[in-house]
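This report concerns only the one structure given below.
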Amino acid sequence: MSELDSLYQQIILDHSKARQGSGLATEPAPVGARLGESHQINTTCGDEVTVRVAVVDGKIEQIRWDGDGCAISMAAASVISELGEGEGVGELRAKIETFRELMRSRGTVEADEDVLGDAAAFSGVSKYPARVKCAMLAWVAVEHALAEAEA
Amino acid sequence: MSELDSLYQQIILDHSKARQGSGLATEPAPVGARLGESHQINTTCGDEVTVRVAVVDGKIEQIRWDGDGCAISMAAASVISELGEGEGVGELRAKIETFRELMRSRGTVEADEDVLGDAAAFSGVSKYPARVKCAMLAWVAVEHALAEAEA
Amino acid sequence: MATTRSAPHAPAGDAPAFADERVALFRADFPILGRSVNGVPLVYLDSAATSQTPLGVLEAERHFYKHENAAVNRGSHTLAVEATDTFEAARATLAGFLGALPEEIVWTSNATEGLNLLAYSFSNASLGRGGQAARRFALQPGDEIVVTEMEHHANLIPWQELAFRTGATLRFIPITDDGELRLDEAERIIGDRTRVLAVTHASNVLGTINPVVDLVALARRVGALVLLDACQSAPHLPLDLHALDVDFAVLSGHKMLAPTGIGVLYGRRELLDAMPPFLTGGSMITTVTMEQAEYLPAPHRFEAGTQRVSQAVAFAEAVRYLEAAGMDRVRAWDSQLGQRLVEGLADLDGIRVVGPEAGRERIGLAAFDVDGVHAHDVGQFLDDRGIAVRVGHHCAQPLHRRLGLTATTRASTYLYTTTDEVDAFLSAVAEVRGYFGVTS
Amino acid sequence: MATTRSAPHAPAGDAPAFADERVALFRADFPILGRSVNGVPLVYLDSAATSQTPLGVLEAERHFYKHENAAVNRGSHTLAVEATDTFEAARATLAGFLGALPEEIVWTSNATEGLNLLAYSFSNASLGRGGQAARRFALQPGDEIVVTEMEHHANLIPWQELAFRTGATLRFIPITDDGELRLDEAERIIGDRTRVLAVTHASNVLGTINPVVDLVALARRVGALVLLDACQSAPHLPLDLHALDVDFAVLSGHKMLAPTGIGVLYGRRELLDAMPPFLTGGSMITTVTMEQAEYLPAPHRFEAGTQRVSQAVAFAEAVRYLEAAGMDRVRAWDSQLGQRLVEGLADLDGIRVVGPEAGRERIGLAAFDVDGVHAHDVGQFLDDRGIAVRVGHHCAQPLHRRLGLTATTRASTYLYTTTDEVDAFLSAVAEVRGYFGVTS
Ligand SMILES: Cc1ncc(COP(=O)(O)O)c(C=O)c1O
Ligand SMILES: Cc1ncc(COP(=O)(O)O)c(C=O)c1O
Ligand code: FES
Ligand code: FES
């Protein structure tokens with residue numbers, strides 16, 4: 001697999017097209033849930049994402065988002081939305097941390113597919129420091145939204 | 001004669017100490033004369049000179065000045081004060097022009113002592129472009145003062 | 001006044017473009033062009049962001065440090081006198097290149113600083129600094145500053161801030177869908193309230209060359225000051241600022257073979273001499289007390305503190321390099337490559353080039369959108385082939401918004417760019433949509 | 001509070017000065033030191049104006065242009081990523097050298113620009129820019145800015161202008177006849193109205209090193225911001241800005257082996273993040289519409305337009321050179337030569353050295369008046385012997401006025417200055433009055 005192909009793995013390209021959880025307006029937030037929202041801008045490119053999380057009893061019921069950006073950022077939003085729904089807040093936080101470490105590793109850390117699921121496909125991104133922000137954009141937004149939901 | 005000695009010729013050192021025409025207050029301007037005054041600053045060093053000329057019937061009766069500066073600038077003020085008194089305005093203007101050309105010549109023009117008198121000793125200055133402003137300071141002031149006297 | 005475009009002051013096409021052999025000779029002066037990235041040879045198509053620097057320019061700077069480095073305009077020892085001569089000679093070289101007088105050339109860090117210098121000097125004038133002579137630069141509520149929809153942020157935000165500081169209003173001339181200025185609108189907008197017209201000579205996104213002559217005429221009619229952003233024109237076309245009759249112009253050395261850290265603000269002599277200072281400090285004053293300071297005439301009034309001496313020396317050498325190449329031929333070459341870019345891109349499916357269509361005048365660049373693929377992904381794909389292009393909003397967000405885009409991919413050329421490089425780029429672009437699985 | 005001087009934060013004398021052989025090795029890195037002027041070998045004693053640049057620093061810059069030059073923080077192609085990494089690594093190197101964080105380092109053209117950045121940012125805050133967070137930087141009538149009588153124009157005129165723009169009052173701490181700050185007066189002047197205290201660390205004329213610790217304590221007592229002009233200290237002493245606990249500091253690369261055109265503004269992180277921008281344009285924004293712009297956090301908020309990339313790279317290399325030499329040893333050497341200068345001059349008839357007397361701490365420079373001979377004539381005489389010194393007011397007119405002088409002659413040293421050079425200078429000065437026929 002070429003460097004480029006390891007960046008744009010098929011899973012990433014697929015997620016970037018069939019975007020899980022995309023559309024804040026399409027489905028209402030579950031009633032009774034604690035809601036948190038976060039809007040993040042990638043300052044290098046100007047791309048933006050808005051994420052809404054709904055938390056019930058420490059469990060994430062729903063992650064919905066709107067945004068526009070490159071394949072990496074859209075796929076990352078799709079993946080966390082899929083991965084996060086149904087997770088405990090603490091567990092997802094831990095996964096976000098694991099993902100962040102993976103992204104910062106400059107290719108030195110092996111992704112654990114058991115923990116990260118489809119997000120393991122992003123390991124190639126860590127070799128492209130300029131693209132790490134793309135992968136992190138929605139994940140950071142989820143992190144902030146969770147903090148708001150719990151505040 | 002070394003380069004330095006050709007810059008600081010004895011005539012210059014002498015004039016810089018026994019300053020002809022120095023002292024605006026020491027002697028009043030002749031009554032009935034047209035007066036002109038000019039204050040010039042050498043922006044590279046901050047030194048200043050103020051010159052007053054008194055003109056009667058197109059002839060320069062008196063040149064007096066106050067100022068502080070390096071040996072070159074003080075000597076140049078002394079020399080023009082001595083040289084100018086008794087000259088016709090037109091003649092002195094011509095001499096100032098000749099002096100300016102000499103100063104700008106970077107050592108390529110021979111000074112005519114018959115025309116410039118003691119000012120011919122300044123020919124060495126032209127090889128020190130940074131010092132040309134020193135030599136010109138009082139001469140430019142006289143030029144401006146003459147213009148005012150004639151206005 | 002007609003809204004048709006008048007010819008630029010020196011029409012294109014009167015000089016032949018370079019032969020490929022000549023370009024090969026240029027390339028030998030730029031070692032970086034021989035490097036490889038990702039295991040393939042570099043194809044550098046990002047000169048509109050920053051150009052590369054030839055060895056001779058580096059050598060000029062090195063020579064300065066090995067032989068004459070000293071503080072200029074301050075010292076009186078031999079070294080300082082020599083350094084000052086070299087520095088002022090560099091100013092004269094730039095003046096000659098731009099059709100200006102040496103006293104009209106102010107050194108800045110880059111074009112951005114030049115624009116900020118103007119905006120801050122005008123707001124100082126608005127506060128009364130510079131007295132009566134500077135009143136013509138003072139702005140107040142009701143006054144208008146006019147820019148265009150195609151400006152780089154550098155020629156937009158400083159004016160927004162000036163408007164904020166003075167209460168003046170910022171207006172803008174819209175563009176056509178083809179990325180040309182709407183002169184009919186310009187004529188309507190530039191009116192009695194207009195005090196400053198700030199406009200780019202050539203667009204760093206569209207490639208459009210604006211009709212400066214017409215715009216100056218509109219501004220003169222109402223007595224407005226005209227600022228030309230020459231960042232993208234000075235590197236690529238012969239410029240004669242006196243002939244163009246603009247009041248101010250800015251440019252950056254790093255876009256025209258010089259190192260970073262040096263730029264030029266041009267201002268008509270009597271204007272610069274009347275403007276209040278911007279940066280204050282050493283080397284720009286005559287007399288200072290604890291309470292106040294008096295200032296030198298231009299250009300030194302605007303050059304506070306120790307100057308970018310070796311960068312100025314290098315900039316002059318860069319300009320000599322361009323003069324030796326011939327600016328009319330540089331223009332012909334860039335324009336030929338620019339056309340090749342647009343024509344090649346127009347032939348591809350799902351590609352939308354912004355700016356003037358093929359066949360119309362443009363500088364050597366083309367920005368485009370790839371349907372279904374984000375510009376950063378396009379850039380990444382090209383980079384994998386060693387092709388360096390710029391992606392994003394190119395510091396022109398309002399323009400992109402007007403075009404209905406958030407980002408584009410831009411390829412730009414210079415005198416060292418080869419036809420083969422343009423072709424390699426075009427064939428790579430042809431593969432982008434397939435790679436990302438976009439088929440529609 | 002006592003008015004006695006407390007020790008500077010790292011007392012001199014704890015490291016040995018260089019051996020002559022070490023200095024000879026340094027000199028081999030500076031080809032210009034081997035040149036001659038007027039047929040005699042150059043004796044360069046003007047490093048306080050601008051230092052010379054070693055080959056390794058030039059080589060670092062050349063390497064950058066030969067291998068990685070590209071626009072930073074904008075591009076996403078490989079070259080741009082590499083250039084950005086190199087540029088940001090240079091920032092981290094400077095931060096390490098100064099005892100600061102990388103985000104606290106803003107690149108400027110020189111110290112003068114750093115000071116103007118502060119003064120303009122504060123006046124923008126005074127107009128309401130930056131909102132509530134920036135209120136602490138806003139000045140109004142009744143507020144006071146305090147400087148000292150020994151400031152360089154760069155640390156005086158920008159504050160005069162800020163006072164003019166905001167209605168604040170500028171006050172100054174006087175000096176003793178020996179050229180030391182009057183701490184008793186400082187204590188009286190720095191009061192509840194004081195908003196900013198701007199003071200030089202080391203004087204470029206007197207050689208005095210100011211008691212920063214005491215001054216910071218006085219400012220903290222009243223909640224004033226403290227700016228340190230580190231132009232003459234950063235090149236000559238180990239600096240730890242966090243330990244000194246100042247809010248801001250400025251310095252210039254060209255005084256510490258780097259090329260011209262690069263300097264640093266240090267600001268405590270939370271202050272920089274709260275301050276409104278100064279220069280505006282590209283690369284410092286997040287979102288821009290035709291009407292307004294939103295800004296990036298520091299340091300990029302203050303770095304508008306294409307940056308001085310290769311100069312930053314060179315500055316980092318210069319700092320590595322100094323670190324390799326050892327800043328404590330640089331200090332010891334400069335201080336030893338400084339003492340030799342003062343002692344030698346004090347022995348001569350008709351010479352008045354300004355600043356602390358022999359035996360008291362000073363950096364490696366001495367400025368003096370020759371009775372009966374104008375400084376420019378002294379300088380000319382020395383230049384004829386190949387000795388390059390600076391003459392004039394050294395951008396400190398108010399200080400000279402305080403000393404009753406209009407101009408002085410200044411000799412200054414650096415790590416490449418030899419004891420022999422200082423001695424050659426001293427014997428030449430001994431002849432000056434004789435040459436000009438002053439006998440009294
Ligand atoms: C104490 C001091 N402050 C400020 C400056 C100004 O530095 P620059 O001219 O590099 O901006 C200097 C040097 O000239 C200086 O010695
Ligand atoms: C049209 C235009 N104006 C202004 C600028 C700003 O130039 P700089 O970043 O060198 O200040 C640029 C380049 O980025 C440009 O293309
Ligand atoms: S390029 Fe904008 S988020 Fe990836
Ligand atoms: S040095 Fe000032 S006039 Fe000569």
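Heavy atoms only: backbone and side chains are in, while hydrogens, waters and symmetry mates are out.
- Residue D:L156 touches chain C through its side chain alone, counting heavy-atom pairs closer than 4.5 Å.
- Only the side chain of D:I285 comes within contact range of chain C, with at least one heavy atom under 4.5 Å from a heavy atom of that chain.
- Ranking C:R402, C:E151, C:E161 against chain D, the residue ahead of the rest is C:E161, based on heavy-atom pairs under 4.5 Å.
- Neither the backbone nor the side chain of D:D384 comes within less than 4.5 Å of any heavy atom in chain C.
- In this structure, the portions of D:L127 lying under 4.5 Å from any heavy atom of chain C include both its backbone and its side chain.
- Identified under the salt bridge (charged side-chain N to carboxylate O under 4.0 Å, His left out) test for residues 108-120 of chain D, with sequence neighbours left out: D:E113-D:R308.
- Ranked by heavy-atom pairs under 4.5 Å with chain D, the list C:E149, C:R171, C:E82 is led by C:E82.
- Looking at D:F30, there are no atoms closer than 4.5 Å to chain C (heavy atoms on both sides), in backbone or side chain.
- Contact of D:T148 with chain C is made through the backbone alone, with heavy-atom distances under 4.5 Å.
- Looking at C:L279, both its backbone and its side chain come within 4.5 Å of chain D, counting heavy atoms on both sides.
- Side-chain atoms of D:D229 and D:H152 form no donor-acceptor pair, as typed in the model, at a separation below 3.5 Å.
- If you measure heavy-atom distances from D:L42 to chain C, the contacts under 4.5 Å come from the side chain alone.
- Neither the backbone nor the side chain of D:F381 comes within less than 4.5 Å of any heavy atom of chain C.
- For D:N124, the part lying near chain C is the side chain, with the backbone staying farther off; criterion is any non-hydrogen pair under 4.5 Å.
- The stretch residues 50-63 of chain D places D:T50, D:S51, D:Q52, D:T53, D:L55, D:L58, D:E59, D:E61, D:R62 near chain C, each with some heavy atom under 4.5 Å from a heavy atom of that chain.
- Between the side chains of D:T260 and C:Q311, at least one donor N or O sits under 3.5 Å from an acceptor N or O.
- When heavy atoms are compared at a cutoff of 4.5 Å, D:N110 approaches chain C solely by way of its side chain, counted from C-beta outward.
- Looking at D:E291, the atoms closer than 4.5 Å to chain C (heavy atoms on both sides) sit in the backbone and in the side chain alike.
- Options C:V288, C:T78, C:I157 differ in how many heavy-atom pairs under 4.5 Å they form with chain D, and the most are formed by C:V288.
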